[in-house]
**Q** 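For reference, the structure I am asking about is given below.
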2 protein chains.
Amino acid sequence: MPGPSHVRRPATLASLAAELGVSRTTVSNAYNRPDQLSAPLRERVLEAARRLGYPGPDPVARSLRTRKAGAVGLLLTEALSYAFRDPAATGFLEGLALACEQANQGLLLVPVSPDHVDVTAVHQAGVDGFVVYSVREDDPHFMAVLERPVPTVVCDQPTGVEGVDRVGVDDRAGMLGLARHLTGLGHRRFGVICMRLAAGHNDGPASAQRQESITYPVQRDRLGGIRDGLAEVGVDWADVPVIERFEHSVEAGRDAAAELMAAHADLTAVVCTSDILALGALQHAAERGLSVPDDLSVTGFDGVPEAGRAGLTTVNQPVLEKGRIAGELLLQRGDRNRSRRVTLPTELVVGTTSGPPRSDQRFFSGW
Amino acid sequence: MPGPSHVRRPATLASLAAELGVSRTTVSNAYNRPDQLSAPLRERVLEAARRLGYPGPDPVARSLRTRKAGAVGLLLTEALSYAFRDPAATGFLEGLALACEQANQGLLLVPVSPDHVDVTAVHQAGVDGFVVYSVREDDPHFMAVLERPVPTVVCDQPTGVEGVDRVGVDDRAGMLGLARHLTGLGHRRFGVICMRLAAGHNDGPASAQRQESITYPVQRDRLGGIRDGLAEVGVDWADVPVIERFEHSVEAGRDAAAELMAAHADLTAVVCTSDILALGALQHAAERGLSVPDDLSVTGFDGVPEAGRAGLTTVNQPVLEKGRIAGELLLQRGDRNRSRRVTLPTELVVGTTSGPPRSDQRFFSGW
DNA sequence: TCACCGGACCGTAACGGTTCAGAGCCTCAC
DNA sequence: GTGAGGCTCTGAACCGTTACGGTCCGGTGA
């Protein structure tokens, strides 16, 4: 098997042209516009290229001249590797990759350092546009993206950025439906487990003040949906404990559930703002010996495959579709200039983790 | 919230320099080498940049000049989106992404068209090197990568390419250990389900001839490992039916198992060359009413999370580690020029899907 | 006074292509 | 014979930046 050709400094289009005694234009055309030169000459060019080990036009130089990179940048707030761990993100990426490969565009995962903020990677990225996946409103990387003179599409959050297309779901409505499902079953004593609400590490109860200053619109909407749903049956939001976790993992959900139940043993329903957290809550319930849904109802959000297998009551959102549409919004942008907003439908999925509270608990809740 | 700046044609370094009456070098230095100019002047430059909406040095132009793109290209044979569906690939990607983000390098997923071969995407990719994940020996995209004058690292396959680093596991040894486990349990009647062996769609038995012309070394080694293991107890490989599937999915595994068992109802063990296929085989066994492992033993390869949950007997390989090392081989390549080979260990995991064959079956196998 | 030095800044030449307006030249119709 | 038009091919400008090797100037030590 032949080895790679990176040993020798490769020939350039110019050197190839000189070798052949033709103009650089002609060599360029041999690659890009075969109809612009005679077949024999073209063959002669290509043959010489083979002989001299010319790898074809340099992609970077071409990008500079043509002003297109042939790639889409993807920005995530989390560490890059996170994208491959979170099933919701994975689904999104699959959809986005689908759109990219259909348009023959590369997908550049922009490395963001989770620890120290460093936006150079955003400046480094040779891309024709950015897809931003679910980042904080005041994310510095996102700011850097906005400064780049390329189109941008946001998935989920931040919302309402001028001149930027967005695709997402109606998180508030989705959660509202879920809350009604639970209140309809008779629940009145709720606890909530949510994801990171703003910059800064806050593992524990989310104070009213913190809830005021949420910088993740999705979390804001999901909490808002729950609050609205509970308000309909007279449950005061101030009485609902909300536990926040910085990390988004099953482990974090389990841990949060433990914290929640330790302080509020009388809850009949735990609403989580993601399936991953809910799966953790289910783990905790099992460890605590609570029967779900008899002793406790647990719900999630997203509709990831594992949730389906676990029979979790949740709100499905079309993650793959979100990715696909994000890609299409970016790539198929005609001469449109106004920003477009796409809101996809969610669907309440009633699984086996939600049911009416025990009658004694129901009675208890009447106090 | 402010909008993006892609409306106006952005200022260039040159125009900024002209505006300020300084040289372009100075502006460049303001961004890249703050120590090369006085602080006040630097501030003046940056202020003017802000005022004129100069987004900082163009990444593509910079790449052209500095000859580095700040990104690693990833080549997969399958459609891009596949990478996010196969858990083994996902694990690999996570590891690779880890290495990339540590080196502050982007990860460019190169779009390959699964249907019609089109290597332009490989030529398009502005990257400093390629990681090739598990492709066919004669894959045209891979050939195109080799022509690019950049370093390349291969994961798994193809093997033995001159001048190209490689990371993988000893697939043959892994499978050999697994085969010994099964023969040790008493199995003598085997069936095999394997992944795509070569170019071309072959869903069905893999003839001896096809097995001769395998172009996926990993499959060659895994099958070879089984063969060697069976030979040790006198089982003739010619008597072992091998079913191939083009698609790599649970569904395909289920289907292949059905085909296998329909023709060979007397098998006591089905060895699959991947966990995904094995999970499908388990599904089929369940549908057929076979008790695993009493009626049938089923094994996989890879050690994906789902296999763990299913209790599958399999061969674990450190997929995340493979990705991380692939990235490191590419990024931390010193002035080394000889190609490096890294072989990571595998581990036999005995789950609940393998056990001794029924005694009557064992007797039967003695015929 | 003068050679020398270091900091601050600059001019020029790449980097490797693409693009566009032609220049030749040949053919064909009139 | 001649002008129109088509096919090939060329020359020069341009894309936006950084690398390299300077220059300029004020200060210093002898």
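Sequence lines set the chain letters: A, B, ... in the order given, protein chains first and strands last, and positions in each chain run from 1. Side chains included, hydrogens not; waters and symmetry mates left out as well; all remaining heavy atoms used.
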**Q** Applying side chain to side chain donor-acceptor pair (under 3.5 Å) as the test, list every pair that has at least one member in residues 35-48 of chain A; sequence neighbours left out.
**A**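 Side chain to side chain donor-acceptor pair (under 3.5 Å) check on residues 35-48 of chain A returns Glu43(A)-Arg50(A).
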
**Q** Any side chain to side chain donor-acceptor pair (under 3.5 Å) involving residues 52-63 of chain A? Give me the pairs, sequence neighbours left out, ordered by first then second residue.
**A**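 Sorted result for residues 52-63 of chain A: Asn32(A)-Arg62(A).
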
**Q** NA contact type, Thr26(A), heavy-atom cut-off 4.0 Å: base, sugar-phosphate, or nothing?
**A**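 Base contact.
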
**Q** So if I define the base as every atom that isn't primed, P, OP1 or OP2, how would nucleotides 18-27 of chain C read as a B/S/- string at a heavy-atom cutoff under 4.0 Å?
**A** BBB-------

**Q** How many Å lie between CG on Leu16(A) and C1' on dG17(C), as a whole number?
**A**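 Checked: the CG to C1' distance equals 13 Å.
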
**Q** I'd like to know whether CD of Glu78(A) has more than 12 heavy-atom contacts from other residues, nucleotides or ligands below 6.0 angstrom.
**A**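 More than 12 heavy atoms, drawn from other residues, nucleotides or ligands, come within 6.0 Å of this atom.
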
**Q** Can you tell me how far P of dG7(C) sits from CG of Leu41(B), to the nearest Å?
**A**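 Nearest whole value for this atom pair: 17 Å.
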
**Q** Rounding to an integer number of Å, can you tell me how far Leu64(B) CG sits from dT18(D) C1'?
**A**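 Distance, rounded to whole Å: 10 Å.
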
**Q** Rounded to whole Å, please give me the gap between CG in Leu20(A) and P in dC9(D).
**A**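 It is 12 Å, rounded to the nearest whole Å.
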
**Q** Once ring pair (Phe, Tyr, Trp, His ring centres under 6.0 Å) is applied, do any residues pair with Phe84(A), and if so which ones, sequence neighbours excluded?
**A**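 Testing Phe84(A) for ring pair (Phe, Tyr, Trp, His ring centres under 6.0 Å), a comparison that skips the adjacent residues, returns Phe84(B).
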
**Q** Looking for any heavy atom pair under 4.0 Å, which part of the strands does Val22(B) touch: base, sugar-phosphate only, or nothing?
**A**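 Sugar-phosphate contact only - Val22(B) comes under 4.0 Å of backbone atoms but never of a base.
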
**Q** Output the rounded distance in Å from CD (Gln124(A)) to C1' (dT17(D)).
**A**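 Spelled out: CD on Gln124(A) to C1' on dT17(D) is 13 Å.
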
**Q** Using whole Å, what does the distance between atom P of nucleotide dT18(D) and atom CD of Gln36(B) come to?
**A**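 The answer, rounded to whole Å, is 13 Å.
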
**Q** Taking side chain to side chain donor-acceptor pair (under 3.5 Å) as the definition, give me every residue that meets it alongside Arg24(A), ordered by chain and number, with sequence neighbours left out.
**A**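 By the side chain to side chain donor-acceptor pair (under 3.5 Å) rule, Arg24(A) matches no residue at all.
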
**Q** Rounded to whole Å, how long is the line connecting atom CG of Asp58(B) with atom P of dT17(D)?
**A**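 One finds 6 Å between P of dT17(D) and CG of Asp58(B), rounded.
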
**Q** Not counting sequence neighbours, which residues clear side chain to side chain donor-acceptor pair (under 3.5 Å) with His123(A)? List them please.
**A**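 Testing His123(A) for side chain to side chain donor-acceptor pair (under 3.5 Å), a comparison that skips the adjacent residues, returns none.
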
